[in-house]
Amino acid sequence: MTPLVLYDTYTRTLREFQPLNPPEVGMYTCGPTVYDYAHIGNLRTYIFEDILKRVLLYNGFSVKHVMNITDVGHLTSDADTGEDKMEAGARRAGKTAWEIAEYYTEEFRKDLKRLNILEPTIWCRATDHIQEQIDFIRCIEEMGYTYRTSDGIYFDTSKLPSYGYLGRLDIEGLQAGARIDMGEKRHPTDFALWKFSPKDQKRQMEWDSPWGVGFPGWHIECSAMSAKYLGPFFDIHCGGEDHITVHHTNEIAQTEACYGTRLANFWLHGYFLQLDEGVKMSKSSGKFLRVESLIEEGYDPLAYRMFCLNAIYRQKLNFTWDGLDGAAKSLDRLRNAFYEWGAPGEPDPAYLQKFLEVINDDLNMPRAMALTWDLVRSDLPNEVKKATLLDFDRVLGLDLANWQPPEEVIPDEILRLVELRQQARAEKRWQDADTLRNQIAAAGYEVMDTPQGPKVKRRRGS
RNA sequence: GGCGACGUGGCCAAGUGGUAAGGCAAGGGUCUGCAAAACCCUGAUCACGGGUUCAAAUCCCGUCGUCGCCUCCA
């Protein structure tokens, strides 16, 4: 038995993972705010969560995976003021907020599919759970943690002694360094549970509530929906590292106020992807790389997944085109090798055991990849290698089993030149053969002589 | 201003007390009429300066640099 050890941000320690209700694992992953496309930095986190889920499955657990779609409630500026991102995105595109949400949700799902990320068991949209959120706020209110201002209902963080534990927040320090507009908030860390619609304008997304017409604050959906689908205390909650100090801290506060639990037994966070220029990749900056951008540059989206597998999730990762290129090439080699091995036999137990050890060591995928290359270069029979790597791929998620060498349509013109070259070679007219090779190359194709005869393929990058 | 992280060969990146995984690129080689593919081989003492230790990339202090969070953000 090899225990699964994961790094829990809440305790800041490596802990052995055991499901609360075996064999099922309840897992909640913070999903996208659908006012724009997802960028590859966002996607790194979803890849990390996918690896986590696959490792759980590999360990024999079943996973109930819930992902939210935030389609309301995120404000664009400081201190819970400003325009809602959804409404702003809608105005930009000349569509309704609802249409925007629908469109970007579909685009997001398309990206997940392209990266071979397993779909959640349950998708849940914030706007489909307004009543649950109202009920949750009422619960917090009844427990005495709220107060009202002219623009909304707020959570009084000073009433919760444990507030900020996840982020190890230095509350005093925050107050000293506070530079944000407090508005009517009583404490810098207080946050909105329900926001009233502006009196002078009609919002596209607004609902009635016991406190007045408005919309939910941007943390309450996760507490409300996770409780609905996974209960008030479940196994694992994940998200990006940026969520530690604010979003997840506030989620925990809400759930603690209402249920007295810290929401999840394990808190896992994926770290940021950074551009080599050191430029932060963020949606709000409006400029970023998406999966589509990679495809436009000629890369298979799974090359990006491969790139991410080369690093541990708990460390920043520097994105460079050279790095992606390397990943793409190594993926190509792996695919070809896997393909050439033919039919699978029985996997090698020693490699399987070693694999389990490295992935159960807090998802150490770089080591898993090193082991993979070790397997590829080993002198095990091909059918054993094939079966073993096939098993690894349950976690790696490179979809090796479904890959085939691309079938290329070679123009007759090129095929004729290849035929002429074969004749020249048969007659040992090497000069002519080389001339023909050059002609074919000039047309953008490459000839490879193999024991099975010449193979032609389009040259990469032309 | 407060809090925190990181700095490993050309690039990406593991390793966190016993003398540096892996991938890509590069160079050399085998094979090949040539070429490609494949395979084999080669390279870093771990930002810098001190300190602790029998022993440090790995612990401590300082310096420089990069980055993150504190404000929507994966």
Side-chain angles (χ1 to χ4, degrees), chain A residues 29-33 35-36 38-49 70 73-85 88 167-170 172-181 188-189 218 238-247 269-274 276 278-285 288 306-312 314-331 333-334 336-337 340 358 364-374 377 425 428-431 433-434 437-438 441 446-451 454-455 457 459:
Chain A
T29 56
C30 281
T33 305
Y35 67 96
D36 205 338
H39 61 247
I40 60 175
N42 298 127
L43 267 352
R44 182 192 181 199
T45 295
Y46 298 109
I47 290 173
F48 140 63
E49 291 162 350
T70 301
H74 278 211
L75 302 164
T76 51
S77 66
D78 298 353
D80 289 323
T81 62
E83 188 173 22
D84 189 302
K85 282 189 174 178
R168 304 293 192 269
L169 296 187
D170 173 5
E172 301 304 315
L174 280 178
Q175 288 173 342
R179 52 166 210 188
I180 55 169
D181 181 12
T189 48
W218 63 280
C238 316
E241 57 165 320
D242 55 318
H243 281 334
I244 297 171
T245 51
V246 179
H247 184 51
H269 295 92
Y271 281 66
F272 277 169
L273 180 79
Q274 291 178 182
D276 50 348
V279 178
K280 184 185 172 188
M281 200 180 299
S282 69
K283 274 195 200 180
S284 46
S285 71
F288 49 77
M306 186 76 159
F307 177 75
C308 291
L309 289 176
N310 234 358
I312 57 178
R314 214 145 56 73
Q315 201 74 63
K316 289 175 304 188
L317 172 59
N318 290 313
F319 178 84
T320 63
W321 288 104
D322 280 351
L324 181 63
D325 207 51
K329 286 186 173 131
S330 66
L331 174 60
R333 276 186 58 211
L334 195 62
N336 274 301
E340 305 278 324
V358 298
N364 195 319
M365 302 318 289
R367 278 189 163 181
M369 289 314 301
L371 184 68
T372 296
W373 292 111
D374 187 61
R377 271 184 275 96
R425 294 184 70 220
K428 296 194 188 300
R429 289 184 282 110
W430 307 126
Q431 293 272 14
D434 288 347
R437 171 186 286 288
N438 289 336
E446 188 170 14
V447 189
M448 288 155 292
D449 297 318
T450 73
K455 281 188 180 173
K457 73 172 185 182
R459 291 166 75 199

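Just so it is clear: chains get the letters A, B, ... in the order the sequence lines come, proteins before strands, and each one is counted from 1. Values below: all heavy atoms of this structure, side chains included; hydrogens, waters and symmetry mates excluded.
- Between Y271(A) and Q315(A) there is no side-chain heavy-atom pair separated by less than 4.5 Å.
- A search for salt bridge (Lys or Arg N to Asp or Glu O under 4.0 Å) contacts involving R429(A) returns E427(A), D432(A), not counting sequence neighbours.
- I40(A) places its CD1 atom 16 Å from the C1' atom of C73(B), with the value rounded to the nearest Å.
- In summary, the aromatic rings of F307(A) and F319(A) are positioned with their centroids under 6.0 Å apart.
- Atom CD of Q315(A) and atom P of A5(B) are 11 Å apart (whole Å).
- Checking C69(B), A13(B), A35(B) against the side-chain heavy atoms of M448(A) singles out A35(B) as nearest.
- In this structure, E49(A) CD and H269(A) NE2 are separated by 9.5 Å, a value rounded to the nearest 0.5 Å.
- Here the side chain of D434(A) is nearest to one of C69(B), C34(B), A14(B), namely C34(B).
- Between E241(A) atom CD and C70(B) atom C1' there is a gap of 13 Å when expressed in whole angstrom units.
- Nucleic acid contact class of F307(A) (heavy atoms, under 4.0 Å, all strands): sugar-phosphate only.
- U63(B) and U16(B) are spaced 28 Å apart, taking the P atom of each and rounding to whole Å.
- At a threshold of 4.0 angstrom between heavy atoms, the contacts of G239(A) are confined to the sugar-phosphate backbone, with no base atom among them.
- Side-chain contact between R44(A) and F272(A) is absent, with no heavy-atom pair separated by less than 4.5 Å.
- Checked against A14(B), C70(B), G68(B), the side chain of T245(A) finds its nearest nucleotide in C70(B).
- L43(A) comes within 4.0 angstrom of nothing in the nucleic acid, heavy atoms only.
- Between A38(B) and U45(B), the distance separating the two C1' atoms is 34 Å to the nearest Å.
- Here A13(B) is the nucleotide among C11(B), A74(B), A13(B) with the atom lying nearest to any side-chain atom of N318(A).
- The interatomic distance linking K428(A) (NZ) with C34(B) (P) rounds to 11 Å, in whole Å.
- Both D449(A) and Y46(A) lie close to RNA chain B; mapped to their nearest nucleotides by heavy-atom distance, the more 5′-ward contact belongs to D449(A).
- Under 3.5 Å, the side chain of R437(A) and the base of C34(B) form at least one donor-acceptor pair of N or O atoms.
- The same atom, C1', is picked in A25(B) and in G65(B); the two are 26 Å apart, to the nearest Å.
- Residue-level contact check: H243(A) touches the backbone only, with heavy atoms under 4.0 Å from sugar-phosphate atoms and none from bases.
- Contact of the F48(A) side chain with the T29(A) side chain is not registered, since no non-hydrogen atoms from C-beta on lie closer than 4.5 Å.
- Spacing between atom CD1 of I244(A) and atom C1' of C70(B) amounts to 13 Å, rounded to whole angstrom units.
- The residue V246(A) sits close only to the backbone: its heavy atoms come under 4.0 Å of sugar-phosphate atoms, none of a base.
- With hydrogens and angles ignored, the 3.5 Å screen pairs no side-chain donor or acceptor of R425(A) with any backbone N or O of A433(A).
- Between G240(A) and L317(A), the residue whose closest nucleotide on RNA chain B is further toward the 5' end is L317(A).
- Residue E49(A) is classed as having no contact, given no heavy-atom separation below 4.0 Å to the nucleic acid.
- Here G33(B) is the nucleotide among A36(B), G33(B), A13(B) with the atom lying nearest to any side-chain atom of W430(A).
- Comparing the same atom, P, in C60(B) and in G68(B) gives a spacing of 24 Å after rounding to whole Å.
- Spacing between atom CZ of R168(A) and atom P of C70(B) amounts to 18 Å, rounded to whole angstrom units.
- Taking atom C1' on both nucleotides, A44(B) is separated from C11(B) by 14 Å, rounded to a whole Å.
- Nucleotides A55(B) and G18(B) have their C1' atoms positioned 6 Å apart, rounded to a whole Å.
- The gap from the P atom of U42(B) to that of U53(B) amounts to 38 Å, rounded to the nearest Å.
- Applying the salt bridge (Lys or Arg N to Asp or Glu O under 4.0 Å) rule to D242(A) yields no partners; only residues at least two apart in sequence or on another chain are considered.
- A 3.5 Å limit on both hydrogen-bonding distances identifies no Watson-Crick or G-U partner for U58(B).
- Minimum interatomic distance between A327(A) and M306(A) (heavy atoms only, all atoms of both residues): O-CG, 3.6 Å.
- With hydrogens and angles left out, the side chain of R425(A) and the base of G33(B) share a donor-acceptor pair within 3.5 Å.
- Separating the C1' atom of C46(B) from that of A13(B) is a span of 13 Å, rounded to the nearest Å.
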Where do N or O atoms of nucleotides 22-24 of chain B meet protein N or O atoms at under 3.5 Å, pair by pair?
from: G22(B); atom 1: N2; to: N310(A); atom 2: OD1; distance (Å): 3.4
from: G22(B); atom 1: N2; to: N310(A); atom 2: ND2; distance (Å): 3.2
from: G23(B); atom 1: OP1; to: R377(A); atom 2: NH2; distance (Å): 3.2
from: G23(B); atom 1: O2'; to: S330(A); atom 2: OG; distance (Å): 3.1
from: C24(B); atom 1: OP1; to: R333(A); atom 2: NH1; distance (Å): 2.1
from: C24(B); atom 1: OP2; to: R333(A); atom 2: NH1; distance (Å): 3.2

